[in-house]
Amino acid sequence: MALHEDADVLVLYKPSGLLCVPGRGIDKQDCLSARAQSHWPGALIVHRLDQATSGLVLMARHADAQRRLSLAFEQRQVHKRYVAIVQGLVDAPAGTWADIHLPIAADWERRPLRVIDAVHGKPSHTRWRTLSHDLTARTTRVELEPLTGRTHQLRVHMAAMGHPILGDALYADAATQAQSSRLLLHAAELALAHPATGQPMRWELVADF
């Protein structure tokens, strides 16, 4: 599903379970980029979401737009926000932003896992706030804003805080995994300057959980 289409930019919805780019093996060729290229020949990936994550993905219509958009990501000029449901009742006032500064490194013996590593990890910064609590399920809906772009950053940071994301097959315990058939993490907002015109643009997509 396309939320936006012009001569330079595509903003697409990626469902949970769909790869952004082809994987290894014939059974992993169906992906968002392949589907997009069948409708918009020449469309190019700019960034990715984990296969298990749903939400907004930005693609470029041509190489110059890809270069400009990639530079905007590198320079942290693209604003991204996610919504997640995490295990436990997070002890934080609703609406108050807090920061997580925990360095992330690859876990080479258990790839593709990532770990918090104070010695070898790269600086990683996530802003987060509580949106609501479910007292019956003992879960919390949170809003997450990654200010760096490490692999699995939001999943690793929330697990390290003791509040893994429901349905997370990589970083949650078995009970938390069992609470949802999918990872409850959704890329809900994208905002950036248009690569050709410089016009501020913003898209939102409400999570279906």
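- Applying the 6.0 Å contact sphere to CD of Glu109 captures no more than 12 heavy atoms from other residues, nucleotides or ligands.
- Take His101 and apply the ring-ring contact (aromatic ring centres under 6.0 Å, His included) test, not counting sequence neighbours, and it matches His125.
- By the 4.0 Å N-to-carboxylate-O rule, Arg155 lies close enough to Asp168 to be salt-bridged with it.
- In this structure, Thr140 and Gly88 approach most closely via the heavy-atom pair OG1-O, 2.7 Å.
- Side chains of Trp40 and Glu5: a donor on one and an acceptor on the other come within 3.5 Å.
- Between Lys28 and Pro22, every side-chain heavy-atom pair lies at or beyond the 4.5 Å cut-off.
- Between Thr53 and Leu183 the shortest side-chain heavy-atom distance falls below 4.5 Å.
- Two residues are said to be in side-chain contact when any heavy atoms from C-beta on lie closer than 4.5 Å; Glu143 and Arg129 meet this criterion.
- Under a 4.5 Å side-chain heavy-atom criterion applied to ILVMFWY residues, the cluster that includes Val11 comprises Met1, Leu3, Val9, Tyr13, Val46, Leu56, Leu58, Leu69, Phe73, Val78, Leu190, Leu192, Met201, Trp203, Leu205 as well.
- A 6.0 Å sphere centred on CZ of Arg48 holds no more than 12 heavy atoms belonging to other residues, nucleotides or ligands.
- A salt bridge between Lys80 and Glu189 is absent, with no side-chain N of the basic residue lying under 4.0 Å from a carboxylate O of the acidic one.
- Using a 4.5 Å heavy-atom cutoff, the side chains of Leu89 and Leu135 are in contact.
- One hydrophobic cluster, built from ILVMFWY side chains closer than 4.5 Å, holds both Val21 and Met59.
- Within a 6.0 Å radius of CZ in Arg138, other residues, nucleotides and ligands contribute 12 heavy atoms or fewer.
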Inset, instruction - Show your working on side chain to side chain donor-acceptor pair (under 3.5 Å) between Tyr82 and His186 and close with a plain yes or no. - result: CA-CA 5 Å; Tyr82 294 71; His186 175 80; over 6 Å; no
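- Note that NZ of Lys122 and CG of Asp117 are 12.5 Å apart. Values are rounded to the nearest 0.5 Å.
- Using a 4.5 Å heavy-atom cutoff, the side chains of Leu185 and Met158 are not in contact.
- Here CZ of Arg81 is found 6.5 Å from CZ of Arg127. Values are rounded to the nearest 0.5 Å.
- Atom CD of Gln37 sits about 8.0 Å away from atom CD1 of Ile45, to the nearest 0.5 Å.
- Between Leu113 and Tyr171 there is a side-chain heavy-atom pair separated by less than 4.5 Å.
- Residue-environment remark: CG (Asp99) exceeds the threshold of 12 foreign heavy atoms within 6.0 Å.
- The existence of a salt bridge linking Arg114 and Asp107 is excluded, since no basic side-chain nitrogen approaches an acidic carboxylate oxygen closer than 4.0 Å.
- Pro195 and Asp8 get closest at one heavy-atom pair: CG-CB, 4.3 Å.
- Remark: Thr126 engages Gln153, His157 in a side-chain hydrogen bond (donor to acceptor under 3.5 Å, both in side chains) (not counting sequence neighbours).
- Closest of all the heavy-atom pairs between Leu144 and Pro146 is O-CD, 3.9 Å.
- Side-chain atoms of Leu18 and Asp30, non-hydrogen and from C-beta on, do get closer than 4.5 Å to each other.
- For Arg182 and Asp208, the salt-bridge test passes: some basic side-chain N is under 4.0 Å from an acidic carboxylate O.
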